[in-house]
Amino acid sequence: MALYRALIELADDHLVLGHRLSEWCGHAPMLEEDLALSNFALDLIGTARSLYAYAAEIEGKGRSEDDLAYLRNEREYLNCLLVERPNGDFAHTMLREFYFAAFMEPFWQAALASNDKVIAGIAGKAVKEMAYHMRHAGEWIVRLGDGTEESAARMQAAVVDLHPYWEELFSGGDCDALPDRAALRPAWEASVKAVFAEANLDWPEPVYGQNGGRDGMHSEVLGRMLSDMQYLQRAHPGATW
Amino acid sequence: MYSQGLIGADSRTEETDEFLAAFQARIDAEEKIEPTDAMPEGYRRTLIRQIGQHAHSEIVGMLPEGNWITRAPSLKRKLALLAKVQDEGGHGLYLYSAAETLGVTREQMTEELHAGKAKYSSIFNYPALSWADMGAIGWLVDGAAIMNQVALCRCSYGPYARAMIRVCAEESFHQRQGYEIMLTLCNGTKEQKEMAQDALNRFWWPALMMFGPHDGDSAHSEQSMKWKIKRFSNDALREKFINATVPQAEFLGLTVPDPDLEWNAEKGGYDHGDIDWDEFWRVVKGDGVMNRERVQMRKDAWDNGAWVREAALAHAGKRAAKVAAE
Amino acid sequence: MGDVTPLWEVFIRPRNGLAHKHVGSLHAADEALALSAARDVYTRREEGTSIWVVRSEAIAASDPARAGENFDPAEDKIYRHPTFYKIPDDVGHM
């Protein structure tokens, strides 16, 4: 079940982050970004669906993608803590997106060569989406980091706030069908470094890296998100929507 | 000077009788009016007001459905609803752009909305209280909107008509999306069907009000019809909507909340009960349940995003200065 | 404050082999953001394979008041069109 578990980790990452981004819809700094953030969310939730569907198939217990998304509790969610961080301001949201996409882009790139055809198929679509997320989030990080005094301060504050959370991206279940997460670290660091240099941002001193998401140990925010997300499925057990 | 090729250039027109007659002749000949063309000031003002209201309706209209994106009950529904609300943002954007060709800026229109000076469709001042409201809004509100919008595809002002063609093409999934939600609920549990009926009960009358006051009470109707900004009367579109929608409600097994609704074979359409125009005007004038919150939410999004917009401009300025120095 | 984010015109090539066509406008502070926004706003339904964005204020347009002198004189130059010339059918397609 190593593959099942690894798929759930990935799917949860995508769903939780997609859900967070969907919270922006109607509240972005300008209409153009309402559309951009919705596109991000649609990409991520779309990938989550494919991953859940495949996980359910591997599990072989007749569960559906929605059973996996809507009927597991917070302790059963295996996403990393980074993706559940609240949206904060636009700087936080773009940085969180960049950290995630800068990890997933090389991840899917490597997964294109997976001996598992389903995974290679998902990777083929997702790798392009992540390349765009990286580019667009990167554009904003540069503009906010090297914009006004206020935007630079907010951008740097986001860097500090999210600093305990990026390292967990490199942890997760091992299985032959998926790329080795730890091996992607140099690529991720190179992407982040390049954008930080252009944005005049400082990389903070090391802090204790928070983790535990892969064991279902989350911060308190995830439970609230799930109670919102799962409300109808929980209130009407067995109903079709 | 016509350097601003896509933005209405000289808004000052000498409105002699000859000029107005010549303009009307162009309209009557079904010529489209384009941004740099000479046009009566009243025509320009009417369009700015109407397109602005239409754009605001799309943007404020994102909020009631946005309220349910995070609670959508399946991943498929979540994607569909998010894509729909995203489309509404896009439609607002196309419409603001169309209005901008007339020499008003999106910032000006936005400020008017936030100051409570600009109107938007009163339906969005009703709360979205259950998941069935996502069905009812898609089915009824988008259904009513599309009746208006299809008519506007032939509007005399080119940029507005072109924006509407794009909007209508994109909206074709919105109503179906809503109706499918209703259908699923009506085939579901007892609670789900009750939820659907309750949503229809709450949204039916406000949907009828979306077409605006009766023709005789509509302040701008006659001149707008003459200028072909508007091509069908409020009442005609409303009747069309009722005739199309009542059989759809019957198919769902739901009851339209109008005891006076009756098929009139002679006119080939439904007769319906009186619309509560007091409620309509009350909500339009700001006293609906959600008016204050809706505008406040838009204002918050705009104000909280000011530093982002300023940063982007500042960065662009720095970059341009760097290029100039090289 | 008070600065207005500039307006851009968006042109999309629906597929290779066709010209870019004007599809609408948007607001963005610079070229890169304008291109991203054009992608996010105007290509959500596979509308294109290439995007151009141009600052609206950079476009020069002909004066509609001079449409008569600009465009009407072409009307009677029918000798520019192939149908002006009579060739017997026996010659075949030309």
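Chain naming here is simple, since letters A, B, ... match the order of the sequence lines and numbering starts at 1 in each.
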Which heavy atom of B:Tyr94 sits nearest a heavy atom of C:Val41, and at what distance? OH-O, 3.6 Å
Go through the steps for C:Tyr42 and B:Leu93 under the test side chain to side chain contact (heavy atoms under 4.5 Å, CB included), then give the verdict. CA-CA 11 Å; C:Tyr42 289 104; B:Leu93 199 155; 4.0 Å; yes
Spatial distance of atom NE2 (C:His27) from atom OG1 (B:Thr105) [nearest 0.5 Å]: 7.5 Å
Test C:Asp30 against B:Lys318 for salt bridge (charged side-chain N to carboxylate O under 4.0 Å, His left out), laying out the working first. CA-CA 11 Å; C:Asp30 59 48; B:Lys318 285 184 193 178; over 6 Å; no
Show, in sequence, the C-alpha distance, side-chain angles and deciding distance for C:Glu47 and B:Arg166, and conclude whether the salt bridge (charged side-chain N to carboxylate O under 4.0 Å, His left out) test is met. CA-CA 11 Å; C:Glu47 288 93 336; B:Arg166 202 176 175 91; 3.5 Å; yes
C:Leu33 portion near chain B, given a 4.5 angstrom heavy-atom threshold: side chain
Is B:Glu34 in contact with chain C via its backbone, its side chain, both, or neither, using a 4.5 Å heavy-atom distance? neither
Rounded to the nearest 0.5 Å, how far apart are CD of B:Glu100 and CG of C:Leu26? 10.0 Å
Closest approach of B:Leu313 to C:Ala29 (non-hydrogen atoms, all atoms of both residues): N-CB, 3.8 Å
Rounded to the nearest 0.5 Å, how far does CD of B:Gln86 lie from CZ of C:Arg44? 5.0 Å
Above 12 or not: heavy atoms from other molecules or residues under 6.0 Å from CD of C:Glu75? no
Is it true that atom CZ of C:Arg15 has more than 12 heavy atoms of other residues, nucleotides or ligands lying nearer than 6.0 Å? no
Checking side chain to side chain contact (heavy atoms under 4.5 Å, CB included) for the pair B:Asp87/C:Arg45: CA distance, chi angles, key distance, verdict? CA-CA 11 Å; B:Asp87 272 353; C:Arg45 289 175 170 83; 2.6 Å; yes
Just checking B:Lys32: does its NZ atom have more than 12 heavy atoms from other residues, nucleotides or ligands closer to it than 6.0 angstrom? yes
